[in-house]
Amino acid sequence: MSQRDAFYVTTPIYYVNDVPHIGHAYTTLACDVIARFMRLDGRRVHFLTGTDEHGQKVEKAAREAGMEPKAFTDQVSERFRELLRVMDFSPDDFIRTTEERHVRAVQTLWTRMVEGGWIYLGKYAGWYSVRDEAYYAESELVDGRAPTGAPVEWVEEPSYFFRLSAFQERLLRFYESHPDFVGPATRFNEVVSFVRQGLQDLSISRTTFRWGIPVPGDPAHVIYVWVDALTNYISALGYPDVDGELFRTFWPADVHVIGKDILRFHAVYWPAFLMAAGLEPPRRVFAHGWWTNEGQKISKSLGNVIDPHALVARYGLDQTRYYLLREVPFGQDGDFRHESMVRRINHELANDYGNLVQRVLAMIRRYCEGRVPDPGELAPDDEALLARAHNCLAAMRAHMEAQALHRALDEVFGLIGEANRYVDAMAPWALRRSDPARAATVLWTLAETIRHVATLTLPFMPQSSGRILDLLAVPAAARTFRALGAEGQPLRPGTPLPPPSPVFPRYVEEDAG
RNA sequence: GGCGGAGUAGCUCAGCGGUAGAGCAGCGGAAUCAUAAUCCGUGGGUCGGGGGUUCGAAUCCCUCCUCCGCUACCA
């Protein structure tokens, strides 16, 4: 829909108190793949992630650790930066809510909303548990006590409110004119029906703790969660400098990728805040689903939390990246199963993809002196396979624009299957004797197809795909989508190739021997 | 309760008005270039139940059953 050159994709900022788990890895992975794809497609990309470091829980955790909050968050936010390295993510920026640039942005946004008349001072009232240091909703109470069993008391504190109620009609009109604003479509319905029910004003400041951004002009209040956290998407673009290069280039964001649990904040509150401050809402919010573990809901108490580091160590990085995006239609919930992981690694990566590369390169090694073969006149079969390779990008592009990452993968793997069938149908090992020139043409066609496949899988499996391109001696400058297609940069006959070696190892059960 | 979604081969799902499909699993076969990797053939499932519209319905309408999501201040 947006054919502009720039592309801005974001993850949520992760709550720094958490230990990174599969959910964080999954969200960031999706963004990484989108970002890499768009870069290879020639777009100017800005990929943002970061950490959310304010709030009462952080303040408390820091105290318990005997540290100042800032020093504490410096330490724990590192865990998220480490995940970026381990999973080979490629963000362009990492925003922390404790950074000066963010504080300035939040306070400015606040001030703009005040100037617009969208903020007023009122009282926040609710059931408060001193023991838990938290408010509970009426509906959460169990027999007049907190869900934790702690006693609660009715407490009122002064609080600033955002006039969310005034935005109902504007939001509904916005949704109506932007039917693609929320994906998947079923989530869009939820958002609209939520807003239709009517909106209450939002409490957006607290006086019960200090670890946060002070309200401009009233330092007794700290700006509460969502105004603080959501603003990261623009503070990283240099807001309030709306005339700056970054902001002008990248706002509004092309897509905020989030987990389904925080959809409302992104699809209702965030556009309202932006409208209140005179800014454009993002173009799209995409909510993905949750993982279960071998059919079980994941929870700390069950002790079945999935550690992304463990996945990478056990199955391999690209294997993990592939599985997470291939196993489940992006947007739906998924079940992580060792058995299906192994099946995909061994059948789809090792057998279908890896072995295609290996068998073709081994034949080129033996029949063509290890050089890119010289294609003669192309036969209709060759042209059909190449056409499919050339058209693959366009098909993937359409899916990537809609965050249908699984379908994009489907396209390339369809091409891999086609290539394997072509190998069997052409039988170059037989042609080698009957018609060597024809064998060379077939092998060139295959090598060229593999070049397309590997380039197209770069966003998903950057390391393995890179190794395949190494085996084809594709220069770094040609590892881009511009090099694909009929007008691209086909492999040059005669180019010497390195000896091939398997790229996707099979997974062998540890207890198998 | 309200709004929305889903119930199709053993499993995961696509199809959304014209005589039931894909992938995986299973069974049979071919090939031997390759990480024993590939390829071909093989799917009689009341398309949740019932009713209706239509020349014709997984596909539209009604109804019932079952399951799931959302229904506000929790990162």
Side-chain angles (χ1 to χ4, degrees), chain A residues 12-18 23-24 51-58 97 124 126 132 134-140 147 159 161-162 164 184-204 206 224-226 228-230 258-265 268-269 287 289 327-329 332-335 337 339-340 343-344 346-367 406-407 410 413-414 416-417 419-432 439 442-443 446 500-506 508:
Chain A
I13 44 175
Y14 301 121
Y15 200 55
V16 81
N17 244 22
D18 286 345
H24 301 109
T51 43
D52 181 8
E53 309 191 355
H54 288 132
Q56 191 167 23
K57 285 184 191 169
V58 174
T97 57
Y124 179 66
D132 299 341
Y135 279 93
Y136 292 100
E138 183 84 44
S139 55
E140 287 182 287
S159 170
F161 280 81
F162 174 71
L164 184 64
T186 151
R187 300 286 169 206
F188 181 79
N189 294 336
E190 289 179 10
V191 168
V192 172
S193 75
F194 173 79
V195 174
R196 279 218 185 96
Q197 286 177 204
L199 297 171
Q200 295 171 19
D201 290 347
L202 219 55
S203 166
I204 53 169
R206 285 293 126 94
Y224 192 50
V225 288
W226 292 108
D228 181 348
L230 290 163
I258 60 170
K260 64 183 183 180
D261 57 324
I262 52 176
L263 175 60
R264 186 195 311 142
F265 310 107
V268 181
Y269 301 174
E327 179 71 3
V328 175
Q332 293 186 194
D333 288 347
D335 185 27
R337 299 181 64 194
E339 189 191 340
S340 63
R343 198 186 319 118
R344 303 204 105 103
N346 289 347
H347 291 206
E348 296 169 12
L349 293 181
N351 295 356
D352 293 340
Y353 190 1
N355 188 57
L356 168 70
V357 173
Q358 185 64 18
R359 68 199 299 211
V360 168
L361 291 180
M363 283 189 275
I364 290 178
R365 185 91 194 149
R366 271 210 275 153
Y367 310 160
H406 58 294
R407 293 203 173 165
D410 227 46
F413 276 75
I416 288 168
N420 270 320
R421 283 185 283 279
Y422 171 88
V423 176
D424 283 298
M426 297 299 116
W429 52 90
L431 286 174
R432 176 202 182 185
V442 165
L443 288 173
L446 281 165
S501 68
V503 172
F504 293 106
R506 302 178 64 75
V508 181

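The basis for the numbers below is simple: all heavy atoms, side chains too, and nothing from hydrogens, waters or symmetry mates. Quick note on labels: first sequence line is chain A, next is B, and so on, each numbered from 1.
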key: Any donor-acceptor N/O pair under 3.5 Å between B/A37 base and A/Asn351 side chain   = no
message = Assuming nearest nucleotide by heavy-atom distance, tell me which of A/Asn420 and A/Pro502 is located more 5' along RNA chain B.
response = A/Pro502
query = Phosphate oxygens OP1/OP2 of B/A34: is one of them under 4.0 Å from a side-chain N or O of A/Arg366?
reply = yes
query = Closest to the A/Leu202 side chain: B/U35, B/A37, B/C73?
reply = B/C73
remark   = Of B/U71, B/A72, B/A75, the nucleotide closest to the side chain of A/Asp18 is B/A75
request  = Report the nucleotide, chosen from B/U35, B/C73, B/C33, that has the shortest atom-to-atom distance to any side-chain atom of A/Arg506.
outcome  = B/U35
query = So, is A/His347 close to the B/A25 phosphate, meaning a side-chain N or O under 4.0 Å from OP1 or OP2?
reply = yes
request  = List the atom of A/Pro500, the atom of A/Arg365, and the distance in Å for their closest heavy-atom pair.
outcome  = CD-CD, 3.7 Å
note = Note: for A/Asp352 and A/Trp429 on RNA chain B, the residue whose nearest nucleotide lies more 5' is A/Trp429
key: Phosphate contact (B/C73 OP1 or OP2) by A/Arg264 side-chain N/O below 4.0 Å   = no
task = Kindly label the base of B/A72 as syn or anti, based on whether its glycosidic torsion lies within 90° of 0.
result = anti
Aromatic contact, A/Trp226 with A/Phe265 (centres under 6.0 Å) = yes
ask   = From B/C3, B/C13, B/C73, pick the nucleotide closest to the side chain of A/Ser193?
value = B/C3
request  = Could you tell me whether the phosphate oxygens of B/A72, OP1 or OP2, come under 4.0 Å of any side-chain nitrogen or oxygen in A/Tyr124?
outcome  = no
